[in-house]
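Here the structure comes first, spelled out in structure tokens, and everything after it is commentary.
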Protein chains: 2
Amino acid sequence: MTVISVHAPSHREALWELESAFERGDLITVFGRCTVSYAGRAASELGVGDRLLILKPDGAALVHTDEGRTPVNWQPPGSTHHAAVREGRLRVRSKRTNPAETLLVRFERVHQLSAMSVTGGRDLELHGSEEDLRTRVLERPELIAPGFEPVSTERETAAGPVDVFGVDDAGDPVVVELKRRRVGPDAVGQLARYVAAVRDELTGDGEFLADHEAATADDSVRGVLVAPSLTDRAADLLADRGFDHVALGPPADAGESVDALADDSDDSDDLDDSNTTAGSGSRPDESA
Amino acid sequence: MTVISVHAPSHREALWELESAFERGDLITVFGRCTVSYAGRAASELGVGDRLLILKPDGAALVHTDEGRTPVNWQPPGSTHHAAVREGRLRVRSKRTNPAETLLVRFERVHQLSAMSVTGGRDLELHGSEEDLRTRVLERPELIAPGFEPVSTERETAAGPVDVFGVDDAGDPVVVELKRRRVGPDAVGQLARYVAAVRDELTGDGEFLADHEAATADDSVRGVLVAPSLTDRAADLLADRGFDHVALGPPADAGESVDALADDSDDSDDLDDSNTTAGSGSRPDESA
DNA sequence: TCATACATTTCGTCA
DNA sequence: TGACGAAGTGTATGA
């Protein structure tokens with residue numbers, strides 16, 4: 001692990017450090033006054049201002065201002081970074097193809113440049129995803145409906161893959177769509193697409209069904225939306241389509257964990273605390 | 001504009017710098033060896049490794065590894081940052097409410113800490129959005145269909161707002177859904193939702209229509225998906241529903257601009273170039 | 001490479 | 001504040 005850091009470098013110095021860092025495969029941060037141009041899937045211009053540029057060895061580039069979780073401009077991993085000095089400015093260009101996109105950052109001044117070697121420690125253990133919800137449903141199918149039996153997951157249809165496909169106690173096919181959070185009309189539309197596709201499939205030309213039988217088959221494909229909650233509109237649409245809602249979310253490990261992490265009431269040890277409060281919130285604690 | 005930067009500070013030093021930076025409302029970067037815990041909408045654990053932590057004065061917190069455009073862990077703007085030293089580690093905690101979420105970064109070592117005052121220069125000028133596509137359609141309605149006349153944008157329906165609503169030369173209602181990029185089945189589902197909602201509306205209980213008239217009205221609501229292109233499945237679904245596709249994207253300013261930015265063949269000036277190539281790409285240019 | 005859907009999506013806008 | 005859909009969405013997975 002090595003860190004290089006230069007304060008207010010000349011453009012030539014900055015360029016040299018960038019080149020070195022590129023070769024080493026370092027994670028680079030450049031803080032300075034710059035303008036940013038982007039062109040590709042869309043196009044954008046950003047006027048002069050102080051920003052933080054992050055260049056990753058995998059080709060990702062991020063331009064951050066003092067606000068927002070999302071970079072104001074960026075380039076995805078797989079891009080190629082270039083640096084040069086031209087017209088008295090340090091230019092960092094990041095290009096990629098497919099789609100063709102270019103990000104150009106022009107520094108009129110570099111306040112600080114750092115480069116650090118980073119390796120490994122990238123695998124995140126995440127709980128509470130939709131996959132966890134599916135696991136839960138498969139372990140306890142009766143949560144969907146009495147006598148529900150899962151047949152397959154990710155079952156392919158003409159409209160896309162169904163999360164869980166199964167049969168109810170009457171032997172009727174059931175299409176289950178899982179959502180880890182509160183859902184709106186789009187989720188109902190998604191479920192409707194899948195149900196329609198399964199219907200078409202089961203009543204398709206290849207089948208020997210009289211009209212009345214086909215009609216019966218139509219109605220017999222059930223749709224179930226599993227989600228912690230629905231918006232009003234989603235509930236209306238769901239009812240219109242004759243689908244069901246099962247109120248269920250991912251296992252609630254998260255809820256308890258929050259308290260564990262958030263808990264700082266037992267600050268018995270050592271040095272403590274400073275805080276900053278976001279936006280229009282209260283002022284930071286002045287020293288106690 | 002001020003930059004503070006400390007190399008390999010003790011935890012106490014780091015804490016003090018963090019506190020000061022919080023009070024100044026600085027943009028902070030901390031590079032060091034740490035573990036990360038998150039709990040909230042989901043929950044996650046990240047083992048020890050070198051990472052870059054960014055703390056913004058608006059309450060945003062980002063944990064970046066050497067890979068990816070997306071932070072491995074984060075906290076959205078509006079969170080509140082705390083710092084403390086406990087059990088021989090520098091802890092940075094970021095909390096928010098609604099939903100309750102906590103991010104906890106424990107540094108066993110800080111390699112570098114920087115803080116910089118950043119203001120303004122945040123407004124991005126972006127071209128090629130869906131709004132640009134809408135403008136184009138409204139300026140040249142005949143692109144949708146011969147004799148098409150827009151009536152309203154963002155027209156509310158029971159299923160959500162319709163991008164562009166209008167009538168064709170036969171006086172039949174037309175629902176237009178705009179997409180700035182190639183679309184899949186989900187976009188067809190969205191259009192289908194809106195068309196169905198408008199149908200229900202126009203053939204609702206309040207209307208005095210005989211059955212055969214209602215049926216006519218049903219068929220007469222047209223659906224048009226405007227997008228540069230469709231996937232095969234989306235095309236099939238669209239055809240099944242009897243909707244139309246109009247191949248159209250945002251004005252192609254972007255395409256030309258790419259070339260302008262990407263063009264570095266006329267490197268006539270000054271100092272030039274270093275590059276890093278992503279992933280499995282070619283090796284960086286050794287000095288020329 | 002493309003298609004498809006999830007995501008701690010984030011973000012803006014509007015009621 | 002919640003709802004709704006766009007986004008230069010990014011990301012993983014499967015064909």
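The structure displayed is predicted, hence computed values, not measured ones. Lettering follows sequence order; numbering is per chain, from 1.
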Exercise. Got B:V118 and A:T65 here, is their nearest side-chain heavy-atom distance under 4.5 Å?
Worked result: no

For this session: Answer yes when A:R134 and A:D163 have at least one side-chain N-carboxylate O distance shorter than 4.0 Å, and no when they do not.
Result: no

For this session: Walk along DNA chain D from 5' to 3' and tell me the first and last nucleotide with an atom closer than 4.0 Å to a non-hydrogen atom of chain A.
Result: D:dA3 to D:dT11

Exercise. Base, sugar-phosphate alone, or nothing: which one does B:N98 contact when heavy atoms must sit under 4.0 Å apart?
Worked result: sugar-phosphate

Seminar exercise, completed: The residue, A:E131 or B:R233, whose nearest nucleotide of DNA chain C is more 5′ is B:R233

For this session: Give the rounded distance in Å between these two atoms: CD of B:E154 and P of C:dC14.
Result: 8 Å

Exercise. Salt bridge check: are A:E130 and A:R180 linked by an N-O gap of less than 4.0 Å?
Worked result: no

Problem set entry | Contact under 4.0 Å: A:R193 side-chain N or O vs C:dA5 OP1/OP2 | yes

Quick one: side chains of residues 182-191 of chain A, donor-acceptor pairs under 3.5 Å with protein atoms, not counting sequence neighbours, listed by atom name and distance.
from   : atom 1 : to     : atom 2 : distance (Å)
A:R182 : NH1    : A:S229 : OG     : 3.1
A:R182 : NH1    : A:L230 : O      : 3.2
A:R182 : NH2    : A:L230 : O      : 3.1
A:Q190 : OE1    : A:K179 : NZ     : 3.2
A:Q190 : NE2    : A:E177 : OE2    : 3.4
A:Q190 : NE2    : A:Y194 : OH     : 3.1

Exercise. When the P atoms of C:dT4 and C:dT8 are considered, how many whole Å apart are they?
Worked result: 23 Å

Exercise. Contact class for A:G128 vs. all strands (heavy atom < 4.0 Å): base, sugar-phosphate, or nothing?
Worked result: nothing

For this session: May I ask you to verify if any side-chain N or O of B:W74 is less than 4.0 angstrom from the OP1 or OP2 atom of C:dT10?
Result: yes

Problem set entry | Rounded distance in Å - CZ (B:R96) to C1' (C:dT8) | 8 Å

Exercise. How about B:E131: does its CD atom have over 12 heavy atoms from other parts shown lying under 6.0 Å from it?
Worked result: no

Exercise. NA contact type, A:A159, heavy-atom cut-off 4.0 Å: base, sugar-phosphate, or nothing?
Worked result: sugar-phosphate

Problem set entry | Interatomic distance at C1', D:dA7 relative to C:dA5, whole Å | 16 Å

For this session: Output the residues of residues 175-186 of chain B in contact with DNA chain D, where contact means a heavy atom of the residue under 4.0 Å from an atom of the strand; sort by number or write none.
Result: B:E177, B:K179, B:R180, B:R181

For this session: Please work out if A:S129 contacts a base, only the sugar-phosphate, or nothing of the nucleic acid, heavy-atom cut-off 4.0 Å.
Result: sugar-phosphate

Exercise. Would you call A:K95 and A:E101 a salt bridge, using N to O less than 4.0 angstrom?
Worked result: no

Seminar exercise, completed: note: B:D123, atom CG; C:dC11, atom C1'; distance rounded to Å ~ 16 Å

Problem set entry | Verdict with supporting geometry, A:D66 and B:T119, side-chain hydrogen bond (donor to acceptor under 3.5 Å, both in side chains) | CA-CA 7 Å; A:D66 61 334; B:T119 51; over 6 Å; no

Seminar exercise, completed: To the nearest angstrom, the CG-P distance between B:L62 and C:dT9 comes to 16 Å

For this session: Provide, to the nearest angstrom, the distance between the CZ atom belonging to B:R69 and the P atom belonging to C:dT9.
Result: 15 Å

Exercise. Which part of the nucleic acid, if any, lies within reach of A:P161 when heavy atoms closer than 4.0 Å are counted: base, sugar-phosphate only, or nothing?
Worked result: sugar-phosphate

Problem set entry | Modelled atom types, side-chain donor and acceptor of B:S37 and B:R106, under 3.5 Å | yes

Exercise. Considering only the C1' atoms, how many Å lie between D:dG10 and D:dA6, rounded to the nearest integer?
Worked result: 14 Å

Problem set entry | B:E67 vs A:D232, nearer the 5' end of DNA chain D by closest nucleotide | A:D232

Problem set entry | Residue met sooner reading DNA chain D from 5', once B:L124 and B:Y194 are mapped to nucleotides | B:Y194

Exercise. Does the side chain of B:K56 come under 3.5 Å of the side chain of B:H81 through a donor N or O and an acceptor N or O?
Worked result: no

Exercise. Are any of A:Q190's side-chain N or O atoms less than 4.0 Å away from OP1 or OP2 of C:dC6?
Worked result: yes

Problem set entry | B:V176 vs B:F148, side chain to side chain contact (heavy atoms under 4.5 Å, CB included): CA-CA, chis, key distance, verdict | CA-CA 11 Å; B:V176 181; B:F148 173 70; 4.0 Å; yes

